[in-house]
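Every heavy atom of this structure was used, including side-chain atoms; hydrogens, water molecules and symmetry mates were not.
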Amino acid sequence: MRHADGGFSCQTFGGLRWRGWTDPARRARQAASFALVGLILTMGGATTHAHTRLVLPDEVAVAEPTGPVRAIAGWADFCARRPQECTIDTAEPAAIPLTVAVWRTLQSVNRRVNARIRPITDQAHWGVVDRWDFPDDGFGDCEDYQLLKRRMLVERGLPRRALLMTVVIDETNEGHAVLTIRTDRGDFILDNKTDAIRSWRRTGYSFIKRAGQDGPAWVSLEGRDGAAQVATAEP
């Protein structure tokens, strides 16, 4: 049986039988068979290696805040219930060094949460219009996906200070929550709408505000004229 990692299970070899051959012929056929298996394994390993190679994204711009604003009400309620999730440690780095290992962790967590959680509105889930919480029962809406990703990334050693809940206007002109990852290569977005991790400028969203890095206040991502920073197709 061929495995996803390019290898073979031992059952493949268990089915080989050599009875009825003369000794020289048997040895020749054995040698040829194992040479062929070795070649296939080598090719499979090379393919696996190519598939697992990760290339870090190019450096991108950061989404610059323009000043403090009031936090989302759902976030404030979440923090009242789970204050340990909202405490800011200013000794932590404000940006994560984006290594291959960190990039792989971001991809893994984003995919796992997107696959594990099933979408449901807060009204159907909790009986209220807006509630921010962990989707520990397997159901949630956009902010719940991102809260779970944030928690899982913290559990894997990433600094909470650089993992920022963010509110945007999406492609349907609706409010939407994503998770901004601040790195030394720019700001990247984890989103329950896609497994791809994109720079904030490639999302197509208008960025409104996000959690602050220096205290409980959030920060505005709108321009000085009140217009939201609009993501574009630029790198």
Side-chain angles (χ1 to χ4, degrees), residues 51-66 72 75 85-86 88-90 92-117 132 134-135 140-172 174-214 218-223 228-235:
H51 286 173
T52 57
R53 287 180 59 190
L54 288 180
V55 178
L56 292 177
D58 294 333
E59 292 188 16
V60 300
V62 298
E64 294 291 354
T66 60
I72 295 291
W75 170 261
E85 295 291 333
C86 304
I88 300 297
D89 182 0
T90 55
E92 289 185 336
I96 301 167
L98 190 56
T99 64
V100 169
V102 168
W103 189 245
R104 183 177 286 113
T105 297
L106 295 176
Q107 290 181 323
S108 174
V109 168
N110 196 48
R111 285 194 303 265
R112 286 181 60 189
V113 174
N114 288 353
R116 180 191 304 177
I117 306 305
W132 291 40
F134 294 120
D141 65 356
C142 56
E143 68 270 6
D144 305 328
Y145 282 79
Q146 315 320 328
L147 287 170
L148 177 56
K149 293 173 189 177
R150 180 174 175 268
R151 182 175 72 182
M152 291 174 64
L153 291 171
V154 169
E155 290 171 350
R156 285 156 176 76
L158 274 63
R160 183 180 284 113
R161 190 182 181 206
L163 311 174
L164 307 174
M165 295 295 295
T166 305
V167 174
V168 303
I169 301 297
D170 68 10
E171 73 283 355
T172 65
E174 297 289 338
H176 182 52
V178 297
L179 185 65
T180 297
I181 312 297
R182 302 218 77 184
T183 81
D184 60 357
R185 299 176 73 93
D187 292 350
F188 294 90
I189 302 300
L190 272 57
D191 191 350
N192 59 293
K193 293 187 178 187
T194 177
D195 288 344
I197 299 176
R198 302 172 292 184
S199 72
W200 73 277
R201 300 198 66 178
R202 287 187 177 274
T203 61
Y205 300 154
S206 295
F207 284 69
I208 307 302
K209 56 185 176 180
R210 71 176 178 223
Q213 294 188 286
D214 300 311
W218 278 38
V219 293
S220 174
L221 297 175
E222 296 184 327
Q229 291 193 35
V230 179
T232 70
E234 298 175 19

How long is the straight-line distance from [atom2] of [Y] back to [atom1] of [X], given to the nearest 0.5 Å?
X: L148; Y: R116; atom1: CG; atom2: CZ; answer: 6.0 Å
X: C142; Y: K193; atom1: SG; atom2: NZ; answer: 8.0 Å
X: I72; Y: K209; atom1: CD1; atom2: NZ; answer: 4.0 Å
X: L106; Y: I197; atom1: CG; atom2: CD1; answer: 5.0 Å
X: N110; Y: Q146; atom1: CG; atom2: CD; answer: 7.5 Å
X: T194; Y: R111; atom1: OG1; atom2: CZ; answer: 11.0 Å

I'd like to know if the side chain of [X] reaches the main chain of [Y], judged simply by a donor and an acceptor atom lying under 3.5 Å from each other, with no hydrogens or angles considered.
X: R160; Y: E92; value: no
X: S108; Y: R104; value: no
X: R161; Y: T90; value: yes
X: E171; Y: G204; value: no

Mind listing the closest non-hydrogen atom pair of [X] and [Y] along with its distance?
X: N114; Y: N192; answer: OD1-CA, 3.2 Å
X: I181; Y: L190; answer: CG1-CD1, 3.6 Å
X: F207; Y: Y205; answer: CD1-O, 3.6 Å
X: A162; Y: I96; answer: CB-CG1, 3.6 Å
X: P159; Y: P93; answer: CG-CG, 3.9 Å
X: D187; Y: A63; answer: OD2-N, 2.9 Å

Who are the ring-ring contact (aromatic ring centres under 6.0 Å, His included) partners of W75, not counting sequence neighbours?
F78, W218
Going by ring-ring contact (aromatic ring centres under 6.0 Å, His included), name the residues that satisfy it together with W132, two or more places apart in sequence or in a different chain.
none
For Q213 and I88, what are the C-alpha separation, side-chain angles and deciding distance, and is it a side-chain contact (heavy atoms from CB on, under 4.5 Å)?
CA-CA 7 Å; Q213 294 188 286; I88 300 297; 5.6 Å; no
Side chains of V168 and V178, heavy atoms from C-beta outward: is any pair under 4.5 Å?
yes
V219 and L164: CA distance, side-chain angles, deciding distance, side-chain contact (heavy atoms from CB on, under 4.5 Å) verdict
CA-CA 11 Å; V219 293; L164 307 174; over 6 Å; no
Any residue meeting side chain to side chain donor-acceptor pair (under 3.5 Å) with T166, in chain and number order, not counting sequence neighbours
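Here the qualifying residues are T180.
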Evaluate side-chain contact (heavy atoms from CB on, under 4.5 Å) for L163 paired with K149, printing each intermediate quantity in order.
CA-CA 9 Å; L163 311 174; K149 293 173 189 177; over 6 Å; no
Does the pair I169 and H176 meet the rule for a side-chain contact (heavy atoms from CB on, under 4.5 Å), with working shown?
CA-CA 6 Å; I169 301 297; H176 182 52; over 6 Å; no
